[in-house]
Amino acid sequence: MKKARTGAGLLAVAALLGMTIATAVRAADTAGLVETCFACHGKNGVSTDANVPSIASYSEEYLAGTMKKYQKKDRPCVEAEYHSGSKKGTKTDMCKIAAGLSEGDVKQIGEFFAAQTFVRTPQTFDAELAKQGKAIHNTKCYTCHADDGSLPSDNAGILAGQKIAYLRQQIKFFKEGKRPMSKKMKPKLESLDDAQLEAVVHFYGSLQ
Ligand code: HEC
Ligand code: HEC
């Protein structure tokens, strides 16, 4: 009886240790994975590069969906340079980065960034354009990009306080048909001319 209890006790301890080790390995794994992202997207996904979007607070769903698009090359990939780490100064793009990630990696990365806080970019904008852009947003865009495009749960990126140069580039890709749009967003975006689209970009950039 005594012997059996000791055996069970040891098993319980081993199970406990095993779990702790697995959790520790997973945490170290996640840190290694996201460190690569920090090299361009900034620490914890708060970017300091005008052409690289901040990804802090992005939902797991949007991040996973976006990685799939890059893996299938459904979204254009812009060449970019690592700002830090062992690959500093070398170039790559999101298609290549996404190609090297397993589904498990994407899940870990997604959980990490979803728990971070988005920090709006302090950047120069044209106040008059921003005003025009706000009116356009409030008639054509707000239904899917609620609260001025600031909700991760909309699974549509974060527009409020996002990098102006990044948004301008993505809108160009949408217009040129290089990045796919949802069926309902397409007519709204295509109904706007270049000046109106520039105004919308200034509106999102003005939110600081
Ligand atoms: C070498 C620089 C670089 C590295 C490293 C990098 N990214 Fe990116 N990432 C970019 C650039 C530039 C863009 C925007 C242009 C584009 O889509 O190609 C981008 C776009 C994205 C987007 C789309 C954002 C949006 O609003 O739709 C996500 C999500 C993303 N990256 C996640 C990651 C994750 C996760 C990692 C780490 C595993 C990572 N990136 C590593 C440069 C990088
Ligand atoms: C019917 C819903 C809907 C409407 C309306 C809509 N969008 Fe979107 N938008 C989306 C979705 C969904 C995505 C994410 C697409 C993806 O997963 O690549 C998106 C993505 C974007 C992005 C890219 C975000 C990023 O982080 O890369 C921009 C910029 C954008 N929308 C601007 C607009 C503007 C400007 C309008 C109004 C003219 C608009 N959208 C109207 C659904 C919508």
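If you read the sequence from its start, that first residue is 1, and numbering goes on from there. Order of listing sets the numbers, starting from 1, for every ligand and every atom in it.
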Atom 8 (Fe) of ligand 2: which protein N, O or S atoms are under 2.8 Å away? His145 NE2, Met185 SD
Applying a strict 4.0 Å limit to heavy atoms, is Cys77 in contact with ligand 1? yes
Are side-chain heavy atoms of Val201 and Ile171 found at a separation under 4.5 Å? yes
Which ligand 1 atoms are under 4.0 Å away from a heavy-atom of Thr36? 5 (C)
For residues His83 and Asp49, is any side-chain donor paired with an opposing acceptor at under 3.5 Å? yes
Protein N/O/S atoms closer than 2.8 Å to atom 8 (Fe) of ligand 1, ordered by chain and number, come to His41 NE2, Met94 SD
Quick one: does Lys69 get a heavy atom under 4.0 Å from ligand 2? yes
Could you walk me through whether Asp74 and Arg179 pass the salt bridge (Lys or Arg N to Asp or Glu O under 4.0 Å) check? CA-CA 7 Å; Asp74 276 352; Arg179 179 173 168 188; over 6 Å; no
Is there a donor-acceptor pair under 3.5 Å between the side chain of Asp126 and the backbone N or O of Glu128? yes
Does Pro76 come within less than 4.0 Å of ligand 1, judged by its heavy atoms? yes
Give the numbers and elements of all ligand 1 atoms closer than 4.0 Å to a heavy atom of Thr92. 1 (C)
Does Leu101 reach the side chain of Leu33, with side-chain heavy atoms less than 4.5 Å apart? yes
Could you pull out the closest heavy-atom pair between Val34 and Phe113, with the gap in Å? CG1-CE1, 3.9 Å
In terms of atom number and element, which parts of ligand 1 are under 4.0 angstrom from non-hydrogen atoms of Ile109? 35 (C), 38 (C)
Proximity flag Phe173 to ligand 2, non-hydrogen atoms under 4.0 Å: no
Going by heavy atoms, is Met67 under 4.0 Å from ligand 1? yes
Taking side chain as C-beta onward, heavy atoms only, is Leu63 less than 4.5 Å from Ile109? yes
Polar proximity ligand 1 side, Tyr58 side, N/O cut 3.5 Å exclusive: yes
Please indicate whether any nitrogen or oxygen in Tyr62 is less than 3.5 Å from any nitrogen or oxygen in ligand 1. yes
Where ligand 2 meets Lys184 - atom numbers and elements under 4.0 angstrom, heavy-atom basis: 1 (C)
Between Gln169 and ligand 1, which residue portion shows a heavy-atom distance shorter than 4.0 Å: side chain, backbone, both, or neither? neither
If you define the side chain from C-beta out and look only at heavy atoms, does anything of Phe125 sit under 4.5 Å from Gln208? yes
Taking the side chain as everything from C-beta on, heavy atoms only, tell me whether Ser150 gets closer than 4.5 Å to Arg120. yes
Within-shell test, Tyr142 vs ligand 2, heavy atom, strictly < 4.0 Å: no
Taking 4.0 Å as the limit for heavy-atom contacts, which would you say applies to Arg75 with ligand 1: side chain only, backbone only, both, or neither? side chain
Does any N/O atom on Glu81 come nearer than 3.5 Å to any N/O atom on ligand 1? no
Looking only at heavy atoms, which two atoms of Tyr70 and Pro76 are closest? And how far apart? CE2-O, 3.9 Å
Can you tell me which portion of Val78 lies within the under-4.0 Å heavy-atom range of ligand 1? Options are side chain, backbone, both, or neither. both
Would you call Ser57 and Ile158 a side-chain contact if the rule is heavy atoms closer than 4.5 Å? yes
Region of Leu192 that comes within reach of ligand 2 [heavy atoms, distance under 4.0 Å]: side chain
Within a strict 4.5 Å, meaning less than it, do heavy atoms of the Phe174 and Leu189 side chains meet? yes
Which ligand 2 atoms are under 4.0 Å away from a heavy-atom of Thr143? 5 (C)
Restricting to non-hydrogen atoms, name the atom on Ala39 and the atom on Tyr82 that form the minimum distance, rounded to 0.1 Å. CB-CD2, 3.7 Å
Can you find an N or O of Arg179 that's nearer than 3.5 Å to an N or O of ligand 2? yes
With respect to Tyr82, determine whether any N or O atom, backbone or side chain, lies less than 3.5 Å from an N or O atom of ligand 1. no
For Lys43, check salt bridge (charged side-chain N to carboxylate O under 4.0 Å, His left out) against everything at least two apart and list the hits. none
Got a sec, which pairs hit disulfide bond (SG atoms under 2.5 Å apart) with one end in residues 54-138, sequence neighbours left out? Cys77-Cys95
Glu103 and Lys107 ion-paired at < 4.0 Å: no
Per atom 22 (C) of ligand 1, closest listed option by heavy atom (Tyr166, Tyr70, Phe113, Phe38): Tyr70
Report yes or no: does Glu111 contribute a side-chain atom to a donor-acceptor pair with the main-chain N or O of Gln108 at less than 3.5 Å? no
How about Phe203 and His137: are their ring centroids closer than 6.0 Å? yes
Enumerate the atoms of ligand 2 whose separation from the nearest heavy atom of Val200 is less than 4.0 angstrom. 35 (C)
Does any part of the side chain of Arg75, heavy atoms only, come nearer than 4.5 Å to the side chain of Gln170, both counted from C-beta? yes
Before giving the answer on salt bridge (Lys or Arg N to Asp or Glu O under 4.0 Å), spell out for Lys175 and Glu190 the whole-Å C-alpha distance, their side-chain angles and the decisive distance to 0.1 Å. CA-CA 7 Å; Lys175 266 222 126 170; Glu190 287 176 349; over 6 Å; no
